[in-house]
Every structure is written in C-alpha cells, then in structure tokens.
Amino acid sequence: IWRKQYSTIFGVPETSLNTVVVLRHDGIALALGNRFWDRYGLAKKWNVHDPADRRPFARNPVIERTGATALPGEFAGFTLEDLLRGGTTVLACSLALRDCAQLIVEADKVRYEEAMETVRTMVVPGVVMQPSGIFAVVLAQDNGCRFVQGS
C-alpha cells in the first residue's frame, strides 16, 4: 500500500520503490502453502478466521485467491505472489519454521529432521529463509530499509 501512496503523492514510479517483508514468529505461517494449511489444520490451531464468514481458513489467506475467495477490491494485488511478482523481497524466520515442523512431527509421527525437510518444501516459492526474523530485519536495515511493524 505504501508504494501506491508514495507514487501518488510524490510522483515516484512504483517500480523505483522497494519493499522487504519479514515473516517471523506466528507470521511464518503466511510463508507456507495451502498444502501445509490444509493438512495440519493451521487455521484452527492458530485461530485464523475468514473475516467474511468467521470460519477457520482452510488455506493460507495471503496467497493466490480467485473467485469466491478473492481479496476485496481495495486489497487486490496484495497476495504474497503479487508482492513477489512486483519485486517485493519476502524473508522468513527459520527459527519460527521449527514450530511448523513440530506440527508435522506430532501429526505424521516422523523424526524432527524429516519434518524440517518436509516443511521446507512447503514454503511458498520466492520466500527466502533467513537464520531468524531479527537477523532478517537487521539485514534489511543494514541495506537501507526502514522498519515498520505491521502487527
């Protein structure tokens, strides 16, 4: 959203503005594809509900959405894939990914190492894993970014 606002107010082309998103802590779930959300009941476990009908999401709410699940008009173009296609860098916390691997350990009764391998295959293509979310934030700031906490 800030890119559109900067472009409108300052006349700067959106293509000259760069965004970095860091997914850390519970936000790591947004880096995972629908296969993970569906199989491991993430929405129910983490209490993530569709604002339209208040039911738990069976899918990642920020990845490709079309038809009945499309984002409302004011948010069109803000899926994770849209952001990646538009040049946004999306970084994610490997420490937080361990919590997701633990869900796999418990559900599939596999060793932790196998669960980590599995969860890594479920990360949305284009998301770049970092040692930690804090590392990713500091790295972005070291490269000229400003920190704005989303939530």
Side-chain angles (χ1 to χ4, degrees), residues 1-10 12-51 56-66 69-72 74-107 110 112-151:
I1 258 176
W2 77 271
R3 285 173 32 154
K4 288 183 186 292
Q5 293 166 342
Y6 247 72
S7 180
T8 300
I9 292 171
F10 296 113
V12 177
E14 277 190 58
T15 55
S16 69
L17 301 168
N18 296 314
T19 302
V20 176
V21 172
V22 178
L23 300 172
R24 54 180 293 274
H25 198 54
D26 288 345
I28 192 64
L30 300 176
L32 296 167
N34 289 333
R35 188 170 58 121
F36 184 86
W37 278 71
D38 181 48
R39 176 154 173 77
Y40 301 104
L42 203 58
K44 200 173 245 187
K45 181 169 182 58
W46 286 354
N47 202 26
V48 181
H49 293 88
D50 187 331
F57 275 107
R59 57 185 320 284
N60 182 330
V62 299
I63 62 175
E64 290 298 342
R65 298 175 63 156
T66 58
T69 66
L71 290 171
E74 67 269 23
F75 299 111
F78 291 118
T79 65
L80 194 55
E81 293 91 346
D82 289 329
L83 292 174
L84 287 164
R85 278 192 294 273
T88 295
T89 300
V90 180
L91 307 175
C93 176
S94 289
L95 289 177
L97 196 65
R98 296 184 310 181
D99 294 337
C100 298
Q102 190 59 40
L103 292 176
I104 295 173
V105 166
E106 293 164 10
V110 296
Y112 175 78
E113 294 77 18
E114 184 180 339
M116 277 303 292
E117 287 178 28
T118 299
V119 78
R120 284 187 188 110
T121 69
M122 296 179 171
V123 172
V124 172
V127 173
V128 181
M129 297 306 301
Q130 297 294 300
S132 71
I134 297 301
F135 176 90
V137 169
V138 171
L139 179 64
Q141 288 176 316
D142 284 349
N143 285 280
C145 291
R146 293 185 181 134
F147 176 75
V148 178
Q149 184 169 341
S151 61

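Legend: side-chain hydrogen bond (donor to acceptor under 3.5 Å, both in side chains) pairs involving residues 34-44, not counting sequence neighbours, sorted by first then second residue: Arg35-Thr121, Arg39-Asp108, Tyr40-Asp108.
Within the model, atoms CD of Gln5 and CZ of Phe10 stand 10.5 Å from one another, a figure rounded to the nearest 0.5 Å. Note that CG of Asp26 and CG of Asp99 are 7.5 Å apart. Values are rounded to the nearest 0.5 Å. Note: Asp82 CG to Ile63 CD1 = 11.5 Å, rounded to the nearest 0.5 Å. From Trp2, atom CH2 reaches atom CD1 of Ile9 across 12.0 Å, with rounding to the nearest 0.5 Å.
Taking all atoms of both residues into account, the shortest heavy-atom contact from Leu84 to Gly126 is CD2-O, 3.7 Å. For the pair Gly133 and Val22, the tightest heavy-atom approach, listed with the atom from each and the gap, is O-CG1, 3.6 Å. Minimum heavy-atom separation, Gly33 to Val124: N-CG2, 3.9 Å. Between Arg120 and Leu97, the shortest heavy-atom contact is CG-CD2, 4.1 Å. Thr19 and Arg3 get closest at one heavy-atom pair: OG1-CD, 3.1 Å. Heavy atoms only, all atoms of each residue included: Asn60 and Ala29 are closest at ND2-O, 3.5 Å.
At least one donor-acceptor pair closer than 3.5 Å links the side chain of Asn143 to the backbone N or O of Leu139. Ser94 places no side-chain N or O within 3.5 Å of a backbone atom of Met129 that could act as its donor or acceptor partner.
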Give the intermediate values and the outcome of side chain to side chain contact (heavy atoms under 4.5 Å, CB included) for residues Leu95 and Arg98.
-> CA-CA 6 Å; Leu95 289 177; Arg98 296 184 310 181; 3.6 Å; yes
Going through the checks in order, is the side chain to side chain contact (heavy atoms under 4.5 Å, CB included) test met by Asp142 and Val138?
-> CA-CA 6 Å; Asp142 284 349; Val138 171; 3.8 Å; yes
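Taking the side chain to side chain contact (heavy atoms under 4.5 Å, CB included) definition, one finds that Thr89 meets it with Val20, Leu91, sequence neighbours left out. Scored by the salt bridge (Lys or Arg N to Asp or Glu O under 4.0 Å) test, Glu114 finds no partners at all (sequence neighbours excluded). Looking at residues two or more places apart in sequence or on another chain, you find a side chain to side chain contact (heavy atoms under 4.5 Å, CB included) between Arg24 and Cys93, Ile134. Residues satisfying the side chain to side chain contact (heavy atoms under 4.5 Å, CB included) criterion with Pro13, sequence neighbours excluded, are Thr15, Ser16. When the side chain to side chain contact (heavy atoms under 4.5 Å, CB included) test is applied to Ala115, the partners found at least two apart in sequence or on another chain are Ala101, Ile104, Val105, Val110.
Within the 4.5 Å cutoff, the side chain of Phe36 has heavy atoms near those of the Leu103 side chain. Between Cys145 and Asn18, every side-chain heavy-atom pair lies at or beyond the 4.5 Å cut-off. Contact check for Val128 versus Val90: no side-chain heavy atoms found under the 4.5 Å cut-off. Using a 4.5 Å cut-off on side-chain heavy atoms (C-beta onward), Val123 and Leu32 make contact. You'll find the side chain of Glu14 stays beyond 4.5 Å of the side chain of Tyr6, heavy atoms only. Proximity of Gln130 to Val137: side-chain heavy atoms (C-beta onward) are nowhere separated by under 4.5 Å.
Between Arg85 and Glu64, at least one side-chain N (NZ, or NE/NH1/NH2) sits under 4.0 Å from a carboxylate O, which counts as a salt bridge.
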